[in-house]
Every structure is written in structure tokens, then in C-alpha cells.
2 protein chains.
Amino acid sequence: MANIQDVAKKAGVSVATVSRVLNNHSSVTEKTRIKVEKVISELSYEPSMLGRNLRTSESKLLLVLLPSVSNPYYTEIINGIEETAIRNGYNILLCETDSNPERESRYFSLVKNRMADGIISMDPAVNKERLFELAKTYPIVQCSEYDKGADIPFVTINSELAAYHAVKHLIKLGHKKIALLTSDEQFLYARERRLGYERALREFDIEVNKQRIYYAGNIGFENGQQGMRSLLELDDRPTAVFAVSDILAIGALKEINSNGLRVPNDIAIVGFDKISFSNMTYPTLTTIAQPMYRMGSMSATMLINKIQGKHVESIVMDHELVIREST
Amino acid sequence: MANIQDVAKKAGVSVATVSRVLNNHSSVTEKTRIKVEKVISELSYEPSMLGRNLRTSESKLLLVLLPSVSNPYYTEIINGIEETAIRNGYNILLCETDSNPERESRYFSLVKNRMADGIISMDPAVNKERLFELAKTYPIVQCSEYDKGADIPFVTINSELAAYHAVKHLIKLGHKKIALLTSDEQFLYARERRLGYERALREFDIEVNKQRIYYAGNIGFENGQQGMRSLLELDDRPTAVFAVSDILAIGALKEINSNGLRVPNDIAIVGFDKISFSNMTYPTLTTIAQPMYRMGSMSATMLINKIQGKHVESIVMDHELVIREST
DNA sequence: TAATATTTTGTAAACGATTACATATTTTAT
DNA sequence: ATAAAATATGTAATCGTTTACAAAATATTA
């Protein structure tokens, strides 16, 4: 495996010149550049990132922290991150925390030991305290989930408003008995979406009935099924459901189907996230679309800027209500 | 940011000793080890991977090549890879090719320039020629998709046999008009699954009717819908469909539902892959389960062994027919 | 106790690039 | 043709580790 010395020797120039050719400095004369490039291709030399990284003390790696790659919610965000990263000469280190503190801490040390240049955190279950501490020293941005007080730039949507839109849509369709299928309120988005739900109801003088709010312990498909089951058992069955995630909504949908009821005729459903599967269901799901790709791409841009020492501002992006067959 | 020199100086030892403590060499005396560890924690020193990587000329990064992270087929495999990687001190670089040769070539160069120690390729659309060439110099294993002639170790299942089992299951249920919903035969798995389909039919003296085989140009959900649509238009409509992937099957399912037909009463469906969504559909999907997690974990182990210069053998893993509501 | 064997520590050279700074070369002006 | 300015190249230090090898400290043996 040839190194820069070999190239320099064979081309009859110094390593500095080879390095200049590699980084196309303007000061290299056309003639020597050609000469060096010829040798480079003859030896099929590839500059070692290891050497370069040590010297420039950067790894050109962005650490992306998320609970699980199997959650389709993240896929488009990841695409956005990766595309932007690559365009800027970075690669991404996808790290699943599984909400496991031990793993998380292992990933955190990747940035401490210079294996990664910065972090995009998408894990709602991240240890905030440690994250804030880390953010004092290392470039970090949060995507989708964020913390208001913290000094960490984030990109997100207005969850409260999105939920408000979703529920208002159901109200406009004539629904009055609207259930909320949400998750544990330890997560900010769950609290905000409940607030939006309640605001829409109040605005149309519909009483907020605690019985119609189901808090799923987890955000899996089965939780959606189970939540829907208990909502169906209510004496005064809801005619519509707003689920704070598509996965919950799909669980609800399946439970409704299994009970011989029809969507949207018997019960309408609105989900949240517009994951790819939300239009593969029967019927397709009305849902709130977040600009996933752009969120990912923007957070990568923000992180790279932060790595380069620039100041970056948090961003709240637009959402969109996508009306499909389930309402 | 403290470096090894700072630690050495403050602890009153040489950098060599600090390094030995870091890598817990046995030759370090208890007393000095304690002393050094104390300083390490006082300075909250973290050894730089950049320095270490250059010196040992390894990056401790495994490159995982796949067409798209949004394909749920890969998620469990990735989990398996990542878990095993971490256990062995590696991290993974998830790389989406999007079947884009330019991206692919950029990723290939990551291993050439020592940014990654080896490759797990899961991309069926990978440029074989370049992959084989690369495999002469760098550690590579293939997961799921593979090439028979090539000198690259792989882990996969017996697709032909799995397809045979799937179709036999349909035949046992009394079906005779069984359609095949498959993808472009440039991919080995598609060819093998068709062979298994045909073998099962022949074994039960059912004629292979070319009209009942639909070749989808792509493997997306819409292709499944479209394929099913054209199968439904046949004069002699099939009573069962074997789809070579769950996504295609889910597309077919939706198309069937949209036409007011019932699964499995009117048409039975068998999918392939047991992606997580295959039990969120209504009805749930009968499918072939591949041992995804184990396949991922095994390919990581194989790659790491290969990196360490050991000889590794290819493996064919077991599959399982998971019978659910759609048949 | 002295000589030897063993264990622990230190010195200094890698690893492969980048980049101030110094020097050599070419261009421009006179 | 010569001096000055501008451009191109080279020298050598540096990034932060690991690790042969040398040296020092300790343990063992006679």
C-alpha cells in the first residue's frame, strides 16, 4: 500500500507537493500536478484518512443517535442527514441506543475520543443531564425531540399546532367524540400534542373527556391495538381517534378492523409522522407529515456549521395535514 | 484536552507506561497502574482514537452497504451487525447506495483509504466486478445477497427451498391457481425463488402458467399493487399469490382489499421476509421468516474474523414458514 | 553479598498525512 | 542584464498513539 512518501519519491517531488496536489492548492504548477497525478494513479495511491485525520484532528464522522433503526419514523430523517453529510465530506455513524444508558454512554465516548466530530441526537430517552454536559464541550444538535431550556440547537416542528390541526380536521368532519391515543408524557412531543388536542376541542366547545385519552406505556404497534381495545370498550364509544404516531394509529386500525368495524365509517383515524407504511394500510391513513428529509438535512447542516465554529439557530419547521382514506 | 503526554508528565511516568495502563498490559505494577489511573480520571483523559488508529492502522469501523435504510427488510440484520460489532470493539458505518454507482464508489474508497476496516455488502445491485476486485485486497463478506462463483464469503438462506415451502403450503391448502409476484430476475434471489415456486407446482402436477407470473420492475409497494392488479384481470383469476417479498405482498393485499375481495377467503397470500409490518396488516401475513438478526450477527463475526486474517466459510441459514391469517 | 534472572519502566521511532517557514525558481520591472 | 516581486517547491515539525528495544529496578540464586 503506497503512502505519500512513495508517491513523492517516484514523482521526484517532496511530500508537501504531493499533499498540495491532493488538496488541490492553487500554488502547484500545472506541470508538476500532472506529474504527481500520473504517479498517484500508477501506484493507485489513496491518501490515508487515518493520517489525515490525526493531523487535522477531525474524524469527518457525525454520530447519529436514535433509539432504533427499525422505527420507520427515522428513515427519511436519516436519508436527509446522510445526503447532506456526504455532500460536505462527512460520513455518519448510526448509533442505536435502544434506550440503553450503557450503550448511550459508549456512544458518547466516541465523540470524547475524537472518533466522531459531533452528535445529532434524536433519542427522546437520552439522558438529558449527560447530553447537556457533553454539549458544553462538543458540537451537538437535537433533531425532532428537543429541550427548551438547554443550550443545544434543535430542529423540530410545532407539535402542539400540528395536533391542533389534526383534531380540528376531525371536528370539521362532524366528530365530537374524539379519542386521543398518546404515549407516556415523559416525552415533550406527547405533552405538546395533548395540549393541541385539548385546545382544538375547547375551541369548539367540546368537553375534554379524560376517559377518551389513552396513555400507551410504549409506542409500539401492540400498544396501539391495546389502546384502541380499551377505547372500544367505553360505554360511549368515540367516533374518531387521533393517534400521536402512525404506528399507534396502525395498531388502532387493525384493532378496529378486527372488531368488524369500518374505517372511516364507524371510526375515523388520524395518525402522525407519515411513515411510508401509512399509505400501505387499508384504508390509507390520514396523518400529519413532518418534513423528515429536510429536518435531517437541516440538522446535518447545523451540526457541520457548529463543528466549524459558526453560530447556529434552532429551527421550527412546517408540518402538513395529509388527508387520506381513514377520515 | 489532555493527551497521553500530559497524563505521563503529571503521573511522573513515561507515555509508554500510560499506554500500557490504557491497554492493560500485565507488566504494569499495581502501584503505578493506580497512580496513572488516578491521573487519568483527574484529567478526565480519553485516549484519542485518531492517534491510536493511525498507529495501529485500523479504524475499527465496519462499512455496511445497503440499498436503503428505509427498507424494513434490513433493520433486524443491522441490529445483529451492530450488536456484534460493538461487542468486538467496532462501530458500523451504515451506507446507503440507493443503487447509485457514484455513491457506491465513494463508499468503496472508504475502505481503500483506511476509513473502514472491511465491508458487509447487502446490496443486490452492487457492481459485482468492482466488488470482486475490491475483495482481492480488502476484507468483504456478503449478507443475504451473494454470488456463487465469487471468492467472497457470504451468509444467506436457501431461497429456492424457502419458496418451495411457501408454495407447497398453498398447495396443501387446496390452491391450484397460484400466482408468483416476483421482481426483476437480475437478482439471484428472484431466480431462485421462481425455481422453488416451479418445483413445488411440478411436484404436485400443476402446470406452470406463465401468465400467473408477474415480474415487478422494482420491489416497492406500488409494484405489488400493480402486479396484483394485472393478476386480478386475468380471465382465470388465481386463488393464491406467493410474493417474493413482504412489501410486494402488502401491495397485493391492499389491491385485493381495494377490489372488495377478501384475504384469505378469495385469495390467499404468502410473503417473504417477515418484516415487522407483516403482522400489522389486516389480515396478518403468512410469510417466510429469515433469521435476520442472526444473519447480521454472523456476517459481522465473519467479517471481523476476516479482518483478523482468519479463514471464514460461507453459511446457509435456516428459514421458517410463519403461518398467519392471510392463508 | 554478588551474580544472574526477571520484571517493570523509559526512550525514541514509527504510523501518514498537513503546513509554517525557508528556499529555490520564475516572472516582472527597470 | 539585474534587482525585486511573485510564485513554486522543499524541509522538518507536528498530530497522539503504540511498541521494539534499552535501561533500570527488583527478585532469585548460589
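Within every chain, numbering begins at 1; the chains are lettered A, B, ... in the order of the sequence lines, protein sequences first and strands thereafter. What you are looking at is a predicted structure, and each value in this text was computed from that prediction instead of being measured.
Put simply, the side chain of A:Ser144 reaches to within 4.5 Å of the side chain of A:Met295, judged on heavy atoms. In this structure, B:Tyr146 and B:Val316 have side chains that are not in contact, with every pair of non-hydrogen atoms separated by 4.5 Å or more. In this structure the side chain of B:Val18 never reaches within 4.5 angstrom of the side chain of B:Gln5, judged on heavy atoms.
Helix bend of the helix from C:dT1-D:dA30 to C:dT30-D:dA1: the angle between its two end axes, each built from five pairs, comes to 40° after rounding to 10°.
Judged purely by atom type and a 3.5 angstrom limit, A:Asn71 uses its side chain to pair as donor or acceptor with the backbone of A:Tyr73. Between the side chain of B:Thr29 and the main chain of B:Lys31, no donor-acceptor pair closer than 3.5 Å is present. Between the side chain of B:Ser44 and the backbone N or O of B:Ser41 there is no donor-acceptor pair closer than 3.5 Å.
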Between protein and nucleotides 23-27 of chain D, what N or O pairs are separated by less than 3.5 Å?
none

Reading 5' to 3' through nucleotides 10-17 of chain D, protein heavy-atom contacts under 4.0 Å coded B for base, S for sugar-phosphate only, - for none: BBBBBBBB
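No option in A:Leu61, A:Leu63, A:Val64 other than A:Val64 meets the side-chain contact (heavy atoms from CB on, under 4.5 Å) test with A:Ile92. Checked against B:Lys306 for a side-chain contact (heavy atoms from CB on, under 4.5 Å), the options B:Ile140, B:Thr301, B:Val312 give a single hit: B:Val312.
Residues satisfying the salt bridge (Lys or Arg N to Asp or Glu O under 4.0 Å) criterion with A:Arg33, sequence neighbours excluded, are A:Glu30, A:Glu37.
Per the geometry, CZ belonging to A:Arg33 stands 17 Å off P belonging to D:dT7, to the nearest Å.
Legend: side chain to side chain donor-acceptor pair (under 3.5 Å) pairs involving residues 127-141 of chain B, not counting sequence neighbours, sorted by first then second residue: B:Lys128-B:Asp147, B:Glu133-B:Lys136.
Running 5' to 3' along DNA chain C, contacts with non-hydrogen atoms of chain B at under 4.0 Å begin and end at C:dT8 to C:dG16.
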